[in-house]
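Take a look at the structure below.
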Amino acid sequence: MRKFIDKLVFGLCSLSTVLVLGILFLILIYILLNGITSVNLDFFTQLPKPVGEEGGGMANAILGSAIMVVIATIISVPVSLAAAIYLAEFGRGKIAVITRFMVDVLAGVPSIVIGIFIYTIVVLPMQRFSAIAGALALAMIMVPTLVRATEEAIRLVPQTVKEAGLALGAPYWRVIIEIVLVSAHKAIISGILLAIARVAGETAPLLFTALGNRFFVKVLDRPIASLPVQIYTYAVSPYDDWHRQAWAATFLLVMFVLLINLSVRYVTRNKSS
Amino acid sequence: MEKNILKEANEVDNKTATKIEIEASSFNFFYGAKQALYNINIKIPEKSITAFIGPSGCGKSTLLRSINRMNDIVIGSRVEGKMLLNEQDIYAKSVDVVALRRRVGMVFQKSTPFPKSIFENVAYGVKINGLAKSRKHLQEIVEQALKQGALWDEVKDRLNDSAMALSGGQQQRLCIARTLAVMPEVILMDEPCSALDPIATEKIEQLIAELREKYTVIIVTHNMQQATRVSDYTGFFLLGKLIEFDETEKIFTRPKEKKTEDYITGRFG
């Protein structure tokens, strides 16, 4: 009887695994089939054509996403690093408890709410949608994930390594930067990469902040196109050609996420001695 | 034997002639509300090796870490009394803790190589304290430190390899070399061999024995045989108090206190 239960449970687990993996593969293959034929050179280099005309690409959306993600990273990484170091090193007082709680709350806030928040405090005073507002919204989404990941990475560095640095007569800040952060750098970089992957596909916050644009944008205080928003706009449209391009953009996003995850694997690989 | 007789005859003379490097005077230590060290009075002679022995939790590591103020990073730690290094109270308000730690080095139980190359590990303290006048001088200091740490021959061809690739015993010798590179006056060792196999332990004990010519060494150890092999003086601690402090030979053959005798004969551990 026991053997039967063993086999049953094992069978159920295997079945669940197959189901989950199967669905995942189905999604990926569906995207692949629909998108890959539309990803051509035009897609990467051309601007969207006027409605009704065939062809065109999403060059501006790709660039726009890239610009906002890069700016968001530049804003969120130092802030998160500083907060994480504070929490890991001095994380026992009341301020630390409150900070940690706030970070956890912020991590759970829906991204559309963050979009509305930035709309209120940045877009309205500026009287315009802008790339910088979009970048700020993305940065706010990245910070909680980054703080948690970085704090975890710093905590994993053994206390004695830090003490060894102090014992040589190194000032505290140098020990943190040159020894602790260097020890934790793989985990921190992975955290940053994963936060980037997460935020590259966020659509809702950008709707209220960066809005969208059919042209290339060279300044930061104007609306700017982004890949997820462009996908949304094209997907709900009645034009087949746009649908095709939306698939291509989806495929591109998925490939990007895959690339990031592979990079994380590479960064955290165990170098054989 | 002859050495013993001479030592006894000159006992009084020796004690007054030997310079005292470290002196604790009515030293009390608290972790928050809990008292860890009670009224410690000890005089550690310079250029010698002193062992701190005692059962777990007796305060020997706490006292050791008080000498380079490593306990400062523990929240709620508090000190009463004086700790003198070369007759200067290291807990005085004017003392620069960072400079103190250059003069008093520390080697830990678990080896702690930095995630850098072997060369960079040894050079780290030197660079931080600005001790090298040129690149060439730095290389000389690193080579000298690795030789003193009995590691030079094994790593001289691969100084740029990661320190993490060394074996446990090699890593510990690297940590010792790293400490020696900044030319401290005192070297504190907190059970440096407890994580190592016997062969590595032997190498390190040989290394420690050679250090007494230039440095004052204090080594905390659980291993009484190690204390007899390596140290000149021994202090026995129990429950935060210093029970007895004397030449190692005397502690282990003719201890004055009953508790000391009980401990070294294994009545409790």
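Scope of the values below: all heavy atoms of this structure, side chains included, with no hydrogens, waters or symmetry mates. Letters A, B, ... are given to chains in the order of the sequence lines, protein chains preceding strands, and every chain is numbered from 1.
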Using side-chain heavy atoms (C-beta onward) and a distance below 4.5 Å, is Arg102(B) in contact with Leu168(A)?
no
With a 4.5 angstrom heavy-atom cut-off, could you sort out which part of Val126(B) is near chain A: side chain, backbone, both or neither?
neither
Is Leu188(B) in contact with chain A via its backbone, its side chain, both, or neither, using a 4.5 Å heavy-atom distance?
neither
Backbone of Leu166(A) reached by a side-chain donor or acceptor of Asn68(B) within 3.5 Å
no
With a 4.5 Å cut-off on side-chain heavy atoms, are Ser111(B) and Thr160(A) touching?
no
Chain A contact via Lys116(B) - which portion, at a heavy-atom distance below 4.5 Å
side chain
Positive for side chain to side chain contact (heavy atoms under 4.5 Å, CB included) with Phe114(B), one of Val161(A), Val182(A), Val175(A):
Val161(A)
Check each atom of Arg103(B) against the heavy atoms of chain A and say whether the ones under 4.5 Å are side chain, backbone, both or neither.
neither
Taking everything shown except Ile177(A) itself, do over 12 heavy atoms lie less than 6.0 Å from its CD1?
yes
Side chain from CB out, backbone as N, CA, C, O: work out which of these in Gln159(A) comes under 4.5 Å of a heavy atom of chain B, or both, or neither.
side chain
Options His185(A), Glu163(A), Glu178(A), ranked by heavy-atom pairs under 4.5 Å with chain B, top entry:
Glu163(A)
Assess whether atom CZ of Phe25(A) is packed by more than 12 heavy atoms of other residues, nucleotides or ligands within 6.0 Å.
no
Contact part of Met106(B) toward chain A, heavy-atom cut-off under 4.5 Å: side chain, backbone, both or neither?
both
Answer yes or no: are there more than 12 heavy-atom neighbours, outside Ile199(B) itself, under 6.0 Å from its atom CD1?
no
Segment of Ile73(B) engaging chain A (4.5 angstrom heavy-atom cut-off):
side chain
